[in-house]
Number of protein chains: 2
Amino acid sequence: MSLPNVILGFLNVEPMTGYDLKKNMDHSTQLFWHAKLSQIYPTLKQLETKGLVKAKVVPQKGKPNKKIYSITKAGRRDLITWLNEPLDESNPIKSAVFLRLFFLGVLDKEDILSQLRCQLEAQRARLKRTRQAEIIIQEAGQTPGLAQQALMWDLLHQLGKLQMQTSVQWFEKAILVVEKRL
Amino acid sequence: MSLPNVILGFLNVEPMTGYDLKKNMDHSTQLFWHAKLSQIYPTLKQLETKGLVKAKVVPQKGKPNKKIYSITKAGRRDLITWLNEPLDESNPIKSAVFLRLFFLGVLDKEDILSQLRCQLEAQRARLKRTRQAEIIIQEAGQTPGLAQQALMWDLLHQLGKLQMQTSVQWFEKAILVVEKRL
DNA sequence: CAAGGCATGTAAATCGTTACATGATTTA
DNA sequence: TAAATCATGTAACGATTTACATGCCTTG
């Protein structure tokens with residue numbers, strides 16, 4: 001239900017193609033939102049039909065023509081309405097990792113430990129990858145119209161980092177506890 | 001794709017109905033997994049067809065007959081295979097709250113602040129509700145066959161609490177930053 | 001006496017993934 | 001020369017939500 005809103009949010013920053021939208025999601029929202037190209041393209045068409053975005057076709061040789069989408073006034077209104085809506089406080093999420101951990105106690109000590117060690121490494125790797133996001137945010141902070149958004153991005157990024165650090169420390173502790181107590 | 005596994009995980013603890021499964025999810029996994037009854041019932045049927053669970057019908061007056069499902073040997077094998085599978089390290093998640101925060105910088109200062117305050121309260125409320133889970137976990141720790149699972153549940157619960165505390169503190173800070181810097 | 005809990009399900013619609021289809025350009 | 005990047009899309013399938021359908025019992 002939110003993919004149209006995500007797209008409007010990105011197009012409000014600057015016009016871009018479906019392909020660009022995908023890359024932006026991969027680089028900046030992948031920790032809390034993502035979509036495949038096969039979902040993005042049809043959604044863009046729907047948004048165009050509703051008059052919330054409009055496309056400009058740029059011919060290319062050897063590739064399909066680029067379709068650069070930009071947000072319309074109606075689209076901007078829609079985006080702002082969505083941002084002001086109250087969020088129901090339940091915040092439902094699905095995490096394959098947490099789910100796995102929840103039932104992990106079914107396994108033998110050694111199998112539990114190997115899963116925990118594996119997830120610890122994955123978590124450390126995620127934490128390292130945050131550098132790239134930092135650079136993008138700092139650049140945005142320089143761009144005149146984006147200073148306010150960059151401030152929010154910076155704050156959110158700090159939260160993400162804290163959460164990841166908490167997770168890493170927790171995995172380290174969990175491994176010790178399982179080693180001793182089982 | 002994981003709902004069958006969640007169901008097997010719960011039925012491995014003790015036999016129960018679809019309705020009970022829903023309640024268990026609402027009380028213990030709601031922070032990282034959930035499902036509606038309209039999805040649980042058909043999934044139970046599929047699992048029965050595959051021989052991973054079996055049902056015992058208990059007649060009732062004035063209500064539909066209870067169907068108490070239990071896990072089979074094949075089901076237990078399936079569960080353990082799943083638990084040992086490697087998780088792809090990308091851990092894709094969707095969070096409506098984070099998404100909202102990501103684009104919140106589009107709004108005016110006062111609208112940003114009212115959303116942040118609202119989310120801070122929601123987060124505090126979530127943190128308070130963790131008491132109930134603590135009690136359930138401690139009870140499980142006493143049950144002989146469940147000690148090892150209860151240990152994992154306790155660890156996970158600690159992580160959940162830490163993450164929520166981190167969020168609360170972050171919201172408090174974010175509100176101050178927005179008040180001063182915008 | 002109204003609201004919520006107990007207890008089952010089906011049907012339709014929407015959301016999301018996987019697989020298919022194309023093909024030039026750049027990088028390793 | 002193989003793989004990745006650029007760039008668009010469609011079709012089939014699977015996952016999930018929403019709406020519909022029933023009806024007693026318990027609690028406030």
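All chains are named by letter (A, B, ...) in the order of the sequence lines, taking the proteins before the strands, and each is independently numbered beginning at 1.
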Tell me the interatomic distance from [X], atom [atom1], to [N], atom [atom2], rounded to whole angstroms.
X: A/D88; N: D/dT18; atom1: CG; atom2: P; value: 10 Å
X: A/N5; N: C/dC15; atom1: CG; atom2: P; value: 11 Å
X: A/K61; N: C/dT25; atom1: NZ; atom2: P; value: 7 Å
X: B/D26; N: C/dC6; atom1: CG; atom2: C1'; value: 14 Å
X: B/K36; N: C/dC15; atom1: NZ; atom2: P; value: 14 Å
X: A/L37; N: D/dT8; atom1: CG; atom2: P; value: 8 Å
X: A/Y19; N: C/dA24; atom1: OH; atom2: P; value: 17 Å
X: A/Q46; N: C/dA13; atom1: CD; atom2: C1'; value: 13 Å

Ignoring backbone atoms, establish whether [X] has a side-chain N or O less than 4.0 Å from OP1 or OP2 of [N].
X: A/Q60; N: D/dC6; answer: no
X: A/Y41; N: D/dT8; answer: yes
X: B/K94; N: C/dG16; answer: yes

Exercise. When all nucleic acid strands are considered with a 4.0 Å heavy-atom cut-off, which category describes A/K67: base, sugar-phosphate, or nothing?
Worked result: sugar-phosphate
Exercise. Base, sugar-phosphate, or nothing: which does A/K22 touch, judged by heavy atoms less than 4.0 Å apart?
Worked result: nothing
salt_bridge([X], [Y]) N-O dist < 4.0 Å:
X: A/E48; Y: A/K56; result: no
X: A/R126; Y: A/E121; result: no
X: A/E179; Y: A/K173; result: no
X: B/K161; Y: B/E134; result: yes

Exercise. Do B/S38 and D/dT18 share a donor-acceptor pair, side chain to base, under 3.5 Å?
Worked result: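 Check passes, donor-acceptor contact within cut-off.
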Nearest to the side chain of [X], heavy atoms from C-beta on, is which of [options]?
X: A/T17; options: C/dC6, D/dT8, C/dT8; value: D/dT8
X: B/W33; options: C/dA7, D/dA15, D/dT16; value: D/dT16
X: B/Q39; options: D/dT17, C/dG16, C/dT10; value: D/dT17

Exercise. So, for A/I137 and A/W153, which heavy atoms are closest and what is the spacing to 0.1 Å?
Worked result: CD1-O, 3.7 Å
For this session: Would you mind telling me which residue lines up with the more 5' stretch of DNA chain C, A/H34 or B/K45, judged by nearest nucleotide?
Result: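 First, find each residue's nearest nucleotide; the 5'-ward one identifies B/K45.
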For this session: For A/L3 and for B/K63, find the nucleotide of DNA chain C with the closest heavy atom, then tell me which residue's nucleotide is more 5'.
Result: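 First, find each residue's nearest nucleotide; the 5'-ward one identifies B/K63.
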